Amino acid sequence: MEDARARELLTQIWVEQHEVVTRFVARRVEAGLVDDVVSETFLVAWRRLDDVPDDPKPWLLGVARNVLATHLRTHGRWRALGVRLEREPEAGKEGTDDLAADRTDLRRAWEMLSDADREVIALVAWDGLTAVEGAKVLGVRPSTFSVRLTRARKRLLAYSGLKQDTAAVLRNLQETR
């Protein structure tokens, strides 16, 4: 690919996907590392521009996931995914005792999940990916991803002890598209 065309293509990908990749990374590492990981992700995209598919989002998130794993492993900070529930928007009726109790139960249940369960739920619920896209990020078949997602949802609901109404809302939020 000629250099001018390559720069144009990378610029287009960056404009369309930078915010998505940044949010994906920001939910998984401390704020000080976000820019480094995002920059390295787009550097990989530049180096492998011929490998970038027509729909670059799942591919870029897969690259970002690999960069994160490498970065955290080499710096000795590998830990469970740091998806922070408090960064997500609050539900409708803020301030009620029931909502606070449900949120506490959900947070406790989230922390009880394995890293793998948190990751599949986060890819769908917070990153807005479909099962097919999430499967590309993890490098598995869509059917495998769907099974993992279903099992993770069941464990989250079982651990949470949430009331049926809240559990139904949670299920709807996490339905694959």
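This structure is a prediction, so every number in the text was calculated from the model and none was measured.
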Self-check item: Evaluation steps, side chain to side chain contact (heavy atoms under 4.5 Å, CB included), between Leu49 and Ile13
Solution: CA-CA 10 Å; Leu49 202 51; Ile13 292 169; 4.2 Å; yes
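- Between Phe24 and Leu68, the closest side-chain pair of non-hydrogen atoms falls below 4.5 Å.
- Residues Val140 and Val132 fall into different hydrophobic clusters, defined by Ile, Leu, Val, Met, Phe, Trp and Tyr side chains chained together at heavy-atom separations under 4.5 Å.
- Crowding of Glu19 atom CD: a count of heavy atoms from other residues, nucleotides or ligands under 6.0 Å not exceeding 12.
- Note: Lys57 NZ to Leu129 CG = 5.0 Å, rounded to the nearest 0.5 Å.
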Exercise. Please step through side chain to side chain contact (heavy atoms under 4.5 Å, CB included) for the pair Leu60 and Phe42, ending with a clear verdict.
Key: CA-CA 8 Å; Leu60 283 169; Phe42 281 96; 4.2 Å; yes
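- Separation of atoms CZ (Arg48) and CH2 (Trp59) is listed at 5.0 Å; rounding is to 0.5 Å.
- Each of Arg155, Arg148, Arg153 was compared with Arg151 under the side chain to side chain contact (heavy atoms under 4.5 Å, CB included) criterion, and only Arg155 meets it.
- One distance of note links CH2 of Trp126 with CZ of Arg118; it measures 10.0 Å at 0.5 Å rounding.
- Under the 4.5 Å side-chain contact rule for hydrophobic residues, Leu149 and Val147 do not share a cluster.
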Exercise. Assess whether side chain to side chain contact (heavy atoms under 4.5 Å, CB included) is satisfied between Thr22 and His18, documenting all intermediate values.
Key: CA-CA 6 Å; Thr22 300; His18 181 265; 3.4 Å; yes
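- Among all heavy-atom pairs drawn from Ala45 and Leu10, the shortest one is CB-CD1, 4.1 Å.
- The cationic group of Arg141 does not satisfy the cation-pi geometry with Phe145, failing either the under 6.0 Å distance to the six-membered ring centre or the 45° limit from the ring axis.
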Practice problem: Step by step, work out the salt bridge (Lys or Arg N to Asp or Glu O under 4.0 Å) result for Glu111 and Arg108. | Solution: CA-CA 5 Å; Glu111 291 170 356; Arg108 191 174 304 121; over 6 Å; no
Quiz item: For Glu133 and Leu123, what are the C-alpha separation, side-chain angles and deciding distance, and is it a side chain to side chain contact (heavy atoms under 4.5 Å, CB included)?
Solution: CA-CA 9 Å; Glu133 292 170 332; Leu123 286 170; over 6 Å; no
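- With hydrophobic clusters built from ILVMFWY side chains whose heavy atoms lie under 4.5 angstrom apart, Leu43 does not share a cluster with Val15.
- Residue Val25 is tested with Asp36, Asp35, Val20, Val37 for a side chain to side chain contact (heavy atoms under 4.5 Å, CB included); the sole match is Val37.
- In the model, Gln12 has a side-chain atom that pairs as donor or acceptor with a side-chain atom of Glu16 under 3.5 Å.
- Only one option out of Pro58, Pro142, Pro53 pairs with Lys136 in a side chain to side chain contact (heavy atoms under 4.5 Å, CB included); it is Pro58.
- Looking at Trp110 and Ile121, their side chains come closer than 4.5 Å, going by heavy atoms from C-beta outward.
- With rounding to the nearest 0.5 angstrom, the CG atom of Asp117 is 11.5 Å from the CE atom of Met112.
- Across Leu61, Thr144, Val120, a single residue satisfies side chain to side chain contact (heavy atoms under 4.5 Å, CB included) together with Leu138, and that is Val120.
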